[in-house]
Amino acid sequence: MNIENLINAAIEARKAAYAPYSNFTVGAALLGKSEKIYTGCNVENAGFTPSICGERAALYTAIAQSERSFIAIAIVGGSEDSAEKDLDFCFPCGVCRQVFYEFCQADFQIIVAKNKDDYSVYTLKELLPHGFGPENLQK
């Protein structure tokens with residue numbers, strides 16, 4: 001896995017974000033086991049609930065294209081007018097972590113990055129140690 005390529009794809013995806021309410025744009029690049037990269041960006045809505053995070057947009061794009069196994073995701077974010085060198089660490093929200101739990105293994109890597117040189121890597125297990133999954137629905 002080339003982390004730099006994944007982060008660069010997330011930075012590029014962020015450019016398509018639609019965030020007129022929060023002015024906080026997010027790009028995500030998801031690496032499938034097929035080695036294909038799926039990108040997504042956040043898309044806001046005045047009703048808030050219909051909004052979607054960049055991470056879920058990337059994951060749902062991959063699912064819609066029949067990818068079911070994933071290795072890693074890179075996430076970047078920052079105010080809409082911030083330059084690429086001024087991005088913030090952008091951790092996935094609780095809903096995104098739960099969606100990852102549905103489709104990814106505990107060792108799935110979540111890369112939060114300011115740029116290709118300044119990033120941290122976490123596993124899904126580290127960011128969601130007690131997820132709710134199919135095993136919790138068994139009687």
Side-chain angles (χ1 to χ4, degrees):
M1 171 179 59
N2 185 321
I3 291 177
E4 184 177 324
N5 286 348
L6 207 56
I7 292 169
N8 286 337
I11 289 170
E12 190 63 28
R14 180 178 166 264
K15 294 175 183 175
Y18 176 75
Y21 308 106
S22 71
N23 193 37
F24 191 87
T25 55
V26 177
L30 175 69
L31 178 63
K33 284 197 177 174
S34 67
E35 298 187 14
K36 184 173 179 185
I37 294 175
Y38 303 89
T39 59
C41 61
N42 60 320
V43 179
E44 294 181 347
N45 186 288
F48 295 127
T49 308
S51 298
I52 189 167
C53 298
E55 301 93 302
R56 279 182 282 141
L59 183 64
Y60 294 159
T61 296
I63 296 296
Q65 294 180 25
S66 300
E67 183 85 42
R68 294 292 189 272
S69 297
F70 305 98
I71 298 169
I73 190 165
I75 308 163
V76 299
S79 65
E80 192 167 14
D81 58 353
S82 63
E84 288 179 14
K85 63 179 176 46
D86 298 322
L87 298 177
D88 300 317
F89 286 124
C90 183
F91 285 83
C93 72
V95 173
C96 287
R97 293 175 198 203
Q98 179 60 43
V99 172
F100 292 152
Y101 193 86
E102 181 74 20
F103 293 100
C104 305
Q105 300 297 314
D107 63 348
F108 175 71
Q109 294 184 334
I110 299 169
I111 304 156
V112 292
K114 289 185 177 184
N115 58 56
K116 66 182 180 64
D117 300 313
D118 189 4
Y119 62 87
S120 294
V121 181
Y122 301 88
T123 64
L124 178 57
K125 180 78 171 170
E126 289 174 308
L127 295 185
L128 188 66
H130 304 286
F132 185 87
E135 67 279 1
N136 299 106
L137 299 173
Q138 303 302 316
K139 293 186 179 189

Backbone of [Y] reached by a side-chain donor or acceptor of [X] within 3.5 Å:
{"X": "Asn45", "Y": "Gly47", "result": "yes"}
{"X": "Asn136", "Y": "Gly133", "result": "yes"}
{"X": "Gln138", "Y": "Pro134", "result": "yes"}
{"X": "Thr25", "Y": "Gly78", "result": "yes"}

Minimum heavy-atom separation for [X] to [Y], with atom names?
{"X": "Glu44", "Y": "Pro20", "result": "OE1-N, 3.5 Å"}
{"X": "Ala74", "Y": "Ala10", "result": "O-CB, 3.6 Å"}
{"X": "Ala57", "Y": "Gly40", "result": "CB-CA, 4.0 Å"}
{"X": "Ala72", "Y": "Ile111", "result": "CB-CD1, 4.3 Å"}
{"X": "Phe24", "Y": "Cys90", "result": "CE2-SG, 3.8 Å"}

Are [X] and [Y] grouped together when hydrophobic residues (ILVMFWY) are joined by side-chain heavy atoms under 4.5 angstrom apart?
{"X": "Val99", "Y": "Phe132", "result": "no"}
{"X": "Phe89", "Y": "Phe100", "result": "yes"}
{"X": "Ile11", "Y": "Val112", "result": "no"}

If you define the side chain from C-beta out and look only at heavy atoms, does anything of [X] sit under 4.5 Å from [Y]?
{"X": "Val76", "Y": "Val26", "value": "no"}
{"X": "Phe70", "Y": "Ile63", "value": "yes"}
{"X": "Lys125", "Y": "Asp107", "value": "no"}
{"X": "Cys53", "Y": "Cys93", "value": "yes"}
{"X": "Ile3", "Y": "Tyr119", "value": "yes"}
{"X": "Asn115", "Y": "Leu87", "value": "no"}
{"X": "Ser51", "Y": "Tyr21", "value": "no"}
{"X": "Leu127", "Y": "Phe108", "value": "no"}

inquiry  = If you apply the rule side-chain hydrogen bond (donor to acceptor under 3.5 Å, both in side chains), what do you find for Glu12 with Thr39, and how did you get there?
reply    = CA-CA 9 Å; Glu12 190 63 28; Thr39 59; over 6 Å; no
When rounded to the nearest 0.5 angstrom, what is the spacing between [atom1] in [X] and [atom2] in [Y]?
{"X": "Tyr60", "Y": "Glu55", "atom1": "OH", "atom2": "CD", "answer": "11.0 Å"}
{"X": "Thr61", "Y": "Ile37", "atom1": "OG1", "atom2": "CD1", "answer": "13.5 Å"}
{"X": "Ile73", "Y": "Leu6", "atom1": "CD1", "atom2": "CG", "answer": "8.0 Å"}
{"X": "Asn42", "Y": "Ile75", "atom1": "CG", "atom2": "CD1", "answer": "11.5 Å"}
{"X": "Glu67", "Y": "Lys33", "atom1": "CD", "atom2": "NZ", "answer": "9.5 Å"}
{"X": "Arg14", "Y": "Cys41", "atom1": "CZ", "atom2": "SG", "answer": "11.0 Å"}

message = Quick one, Lys114 with Asp88, criterion side-chain contact (heavy atoms from CB on, under 4.5 Å). Give me CA distance, side-chain angles, the key distance, then yes/no.
response = CA-CA 5 Å; Lys114 289 185 177 184; Asp88 300 317; 5.7 Å; no
note = When Leu124, Val121, Thr123 are each screened for side-chain contact (heavy atoms from CB on, under 4.5 Å) with Ile110, the one that passes is Leu124
Is it the case that more than 12 heavy atoms not belonging to [X] sit under 6.0 Å from its [atom1] atom?
{"X": "Phe103", "atom1": "CZ", "value": "yes"}
{"X": "Glu135", "atom1": "CD", "value": "yes"}
{"X": "Gln105", "atom1": "CD", "value": "no"}

message = If you apply the rule side-chain hydrogen bond (donor to acceptor under 3.5 Å, both in side chains), what do you find for Lys36 with Gln65, and how did you get there?
response = CA-CA 11 Å; Lys36 184 173 179 185; Gln65 294 180 25; 2.7 Å; yes
message = Show, in sequence, the C-alpha distance, side-chain angles and deciding distance for Gln109 and Tyr122, and conclude whether the side-chain hydrogen bond (donor to acceptor under 3.5 Å, both in side chains) test is met.
response = CA-CA 6 Å; Gln109 294 184 334; Tyr122 301 88; over 6 Å; no
